[in-house]
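A short write-up of the structure that comes next.
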Amino acid sequence: MGFLRKVLALILGLSVLVSAAVAEEPILIRFSHVVGENTPKGVGANLFKRLVEERLAGRVAVEVYPASQKFSDDEVLNALLFGDVEMAAPSLAKFNRWAKALQVFDLPFLFEDVDHIHRFQQSDVGRRLLSSMTSRGIQGLAFWDNGPRVISSTKKLNTPGDADGLVFRIEPSDVFQEQYARIGAVGVAMPFSRLTDAIRDGVVNGQENTWSNIYSRKIHKLHRHFTEIGHSHLGYMVITGADFWRGLPRDIRASLEEILAEVTAEVNGLAAEKNEEARNKAMAEGGEGVVVFAPIDDQLQAWRDAWMPVWSRFEPDIGSDVIDAAVNAARRQ
Ligand code: LMR
């Protein structure tokens, strides 16, 4: 080979190497969420990043943006559609405007416990809900747990009537709005990032959330009364842009699905423990200042009587087949 041909071959070889390196730029997954890192979702997002970067090193990179650093839950679905972020995990109460059937998770006193929720999520109807927003460009990938919603307020709530005239911060769920209206209170939807200030500034007198969220936002320092009635469970749907997901190389998508299944098992295994730990810490730090009240018998029945009628109002939107499947999942197969 003449000198010139050797140089040309070298240049060609180098340019192939350079373009291969450019082509192998890792795929970036930006995972945006609104809670602290020491909560079930925060732990899950960070674990997802670690496992992806271990197993798909150089092929996929993950950036996690916790605590509403990038987007609120109101903004994040459109951000997924615009390609400004690739993954998120809003609570199931945030999909009100996107898929009415998902409101089944908001219905008060429907799920007896977390096993009941899991049986429903794993049923055919439950799994189909992951695709309930696909036609609108959002693909559900997994359900993650947080825990039971606890009501906190400036006033002790022995009975539903005690909430009369109070203002509660709620997640943007029509079901929750209706619930609070039924007990003479006002439910005001606002982003999670505004919750602590809204309590501090007296814009709201109450709110409902899990212990892990309550502790991480220091609500136990602001509210004295916590009412545990087991009416509702805060869980998440991990979501991505449907086009982004479909466009991934098949082997990468399969690996991500495998990793997500592992992370889901981990999150759902630690969620109850994280909430118990946060509850204990809130009580220890709050001392006499934190009073937890768990109504039973007639008092609990009064909450059920006040709130369960909302089911029939939302049944046409959610679909009776979906509600029936959720109710039937209470029975062990
Ligand atoms: C809330 O807005 O209160 C929760 O949905 C926040 C979260 O993501 O747990």
Side-chain angles (χ1 to χ4, degrees), residues 31-46 48 64-77 79-80 85 87-99 102-103 105-106 108 114 117 138 140-153 167-177 179-180 187-200 203-220 222-223 226-227 231-239 263-264 267-268 270-272 274-275 277-279 282:
F31 191 142
S32 166
H33 68 84
V34 300
V35 291
E37 294 188 277
N38 193 24
T39 60
K41 179 162 62 181
V43 171
N46 289 348
F48 177 74
V64 178
Y65 297 92
S68 313
Q69 271 171 27
K70 217 170 178 57
F71 295 109
S72 71
D73 282 334
D74 291 347
E75 299 160 338
V76 83
L77 281 102
L80 280 175
V85 69
M87 276 175 80
S91 84
L92 291 158
K94 306 270 172 74
F95 296 109
N96 212 60
R97 287 185 297 112
W98 293 77
L102 290 173
Q103 291 179 310
F105 292 105
D106 300 351
V114 76
I117 298 175
I138 302 289
L141 299 172
F143 292 110
W144 284 0
D145 292 337
N146 188 332
R149 289 188 174 88
V150 179
I151 305 171
S152 73
S153 74
V167 180
F168 287 81
R169 178 270 172 176
I170 53 169
E171 295 163 85
S173 153
D174 291 345
V175 175
F176 296 174
Q177 189 105 45
Q179 266 173 233
Y180 282 96
V188 179
M190 62 177 74
F192 186 62
S193 57
R194 287 189 43 211
L195 174 58
T196 311
D197 284 346
I199 295 174
R200 195 178 287 122
V203 175
V204 298
N205 320 104
Q207 64 90 43
E208 53 172 58
N209 230 304
T210 61
W211 279 110
S212 57
N213 283 348
I214 287 168
Y215 184 75
S216 68
R217 298 313 306 252
K218 301 194 177 1
I219 295 166
H220 60 293
L222 300 170
H223 275 161
F226 293 81
T227 310
H231 63 298
S232 171
H233 190 275
L234 197 161
Y236 304 107
M237 189 189 284
V238 182
I239 53 172
V263 176
T264 299
V267 170
N268 293 357
L270 61 73
K274 280 254 162 253
N275 279 299
E277 184 187 298
R279 184 182 191 275

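First listed ligand is number 1; within each ligand, the first listed atom is number 1.
- Nearest approach of L80 to V85, heavy atoms of both residues: CD2-O, 3.4 Å.
- Judged by distance alone, with hydrogens and angles left aside, the side-chain atoms of N146 form no donor-acceptor pair with the main-chain N or O of S212 at under 3.5 Å.
- For the pair R169 (side chain) and M190 (backbone), a donor-acceptor distance under 3.5 Å is present.
- Proximity of K94 to ligand 1 is established by a heavy-atom distance of less than 4.0 Å.
- Each of the following atoms of ligand 1 lies closer than 4.0 Å to a heavy atom of S91: 5 (O).
- L234 CG to E208 CD: the interatomic distance, rounded to the nearest 0.5 Å, is 9.0 Å.
- With a 4.0 Å cut-off on non-hydrogen atoms, R169 touches ligand 1 through its side chain and not its backbone.
- With rounding to the nearest 0.5 angstrom, the CZ atom of F226 is 7.5 Å from the CD1 atom of I219.
- With a 4.0 Å heavy-atom cut-off, ligand 1 is reached by the side chain of L234 but not by its N, CA, C or O.
- Of the protein's non-hydrogen atoms, Y236 OH, 2.5 Å is the one closest to atom 9 (O) of ligand 1.
- Residue N209 touches ligand 1 through its side chain alone, judged by heavy-atom distances below 4.0 Å.
- In summary, the atoms of ligand 1 found under 4.0 Å from a heavy atom of V35, numbered by their order in the structure, are 6 (C), 7 (C), 8 (O), 9 (O).
- Put simply, the side chain of N205 never gets that close to the backbone of S153: no donor and acceptor are under 3.5 Å apart.
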Item to check | Candidate pair R200 and D197, rule salt bridge (Lys or Arg N to Asp or Glu O under 4.0 Å), full reasoning | outcome: CA-CA 5 Å; R200 195 178 287 122; D197 284 346; 3.1 Å; yes

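- With a 4.0 Å cut-off on non-hydrogen atoms, H33 does not touch ligand 1 at all.
- The nearest protein atom to atom 4 (C) of ligand 1, hydrogens excluded, is given as E171 OE1, 3.6 Å; this is a heavy-atom distance.
- Between H220 and Y215, the angle of the ring planes stays under 30°, which puts this pair in the parallel group of the 30/60° scheme.
- No part of L195 comes within 4.0 Å of ligand 1, judged by heavy-atom distances.
- Close approach of ligand 1 to K41 (heavy-atom distance below 4.0 Å) involves ligand atoms 7 (C), 8 (O).
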